[in-house]
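Contents: one structure, followed by commentary.
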Amino acid sequence: RRVRGYLPAPVGVQDHTFRPPYYHRNCMSEFMGLIFGDYEAKEGTFKPGGASLHSMMTPHGPDTKCFETASNCPLNPVRVADNTQSFMFESSLSLKTTKWALKTSQKVDEEYWKCWQSLPKLFNPNKK
């Protein structure tokens, strides 16, 4: 069993890379929350006090706006996460949401999945 938490690094300086958190699936459940500031992968829509839960093997990553911005900006060193505090827990255990969290709280973003719907399909299996 494994549970861990971490905070993002404040500087992204990789050359010729896609800098926001990349699109991925985890072999673990991932629970992430924003305490204050802006989360670059969903800036403006993921607000302080918000959290997301991605269960094992659920694909996720930055929203369309973040993807477009990062794909077209100059590749210079840039500071990220200034004045931001977030947390993440990952666990090999399945996490269960409560009825209060899903229904009673009335805080579930039923349209969360739409943030990826306008992403362009750029994969070309024939490109070598």
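All of these numbers come straight from a predicted model, not from anything done at the bench. This chain uses plain numbering: 1 for the first residue, then up along the sequence.
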Here the gap from L93 atom CG to S29 atom OG, rounded to the nearest 0.5 Å, amounts to 8.0 Å
In terms of hydrophobic clustering (I, L, V, M, F, W, Y; side-chain heavy atoms under 4.5 Å; direct or indirect links), are L102 and F31 co-clustered?
-> no
Verify, without hydrogens or angle tests, whether K42 (side chain) and G61 (backbone) share a donor-acceptor contact under 3.5 angstrom. yes
Nearest heavy-atom approach of G37 to P48 is O-CG, 3.7 Å
Distance col, row L119:CG vs E68:CD, nearest 0.5 angstrom, shows 7.5 Å
Review point. Would you find more than 12 non-hydrogen atoms of other residues, nucleotides or ligands less than 6.0 Å from N124 atom CG?
Key: yes
With sequence neighbours left out, the residues meeting side chain to side chain donor-acceptor pair (under 3.5 Å) with S118 are T64
**Asked** Between the side chain of W100 and the main-chain N/O of T97, is any donor-acceptor distance below 3.5 Å?
**Response** no
Original post:
Under 3.5 Å, is there a donor-acceptor pair between the side chain of S71 and the main chain of F67?
Top reply: yes
inquiry  = Measuring only between side-chain heavy atoms, which start at C-beta, is P62 closer than 4.5 Å to Y23?
reply    = yes
- Message: Check the orientation of W116 and Y112. Use parallel for under 30°, tilted for 30 to 60°, and perpendicular for over 60°.
- Response: perpendicular
Rounding to 0.5 Å, atoms OH (Y39) and CD (Q85) come to a distance of 15.0 Å
Here the gap from K99 atom NZ to T104 atom OG1, rounded to the nearest 0.5 Å, amounts to 5.5 Å
Here the gap from M88 atom CE to E90 atom CD, rounded to the nearest 0.5 Å, amounts to 6.5 Å
Given side chains that start at C-beta, do those of E43 and C66 come closer than 4.5 Å, heavy atoms only? no
What I'd like to find out is whether the side chain of F46 reaches to under 4.5 Å of the side chain of S52, using heavy atoms alone. yes
M32 and S86 have their tightest heavy-atom pair at CE-CB, 3.9 Å
Is there a chain of hydrophobic side chains (I, L, V, M, F, W, Y, each step under 4.5 Å between heavy atoms) that links F36 to F87? yes
Q. What's the verdict on side-chain contact (heavy atoms from CB on, under 4.5 Å) for S91 and M28, showing C-alpha distance, side-chain angles and the deciding distance?
A. CA-CA 5 Å; S91 176; M28 308 172 113; 5.9 Å; no
Correct closest heavy-atom pair for C73 and A70 would be SG-O, 3.7 Å
So salt bridge (Lys or Arg N to Asp or Glu O under 4.0 Å) across residues 111-127, not counting sequence neighbours, yields E111-K114
Is any side-chain heavy atom of H60 closer than 4.5 Å to a side-chain heavy atom of N26?
-> yes
To the nearest 0.5 Å, atom NZ of K96 lies from atom OG of S94 at 11.0 Å
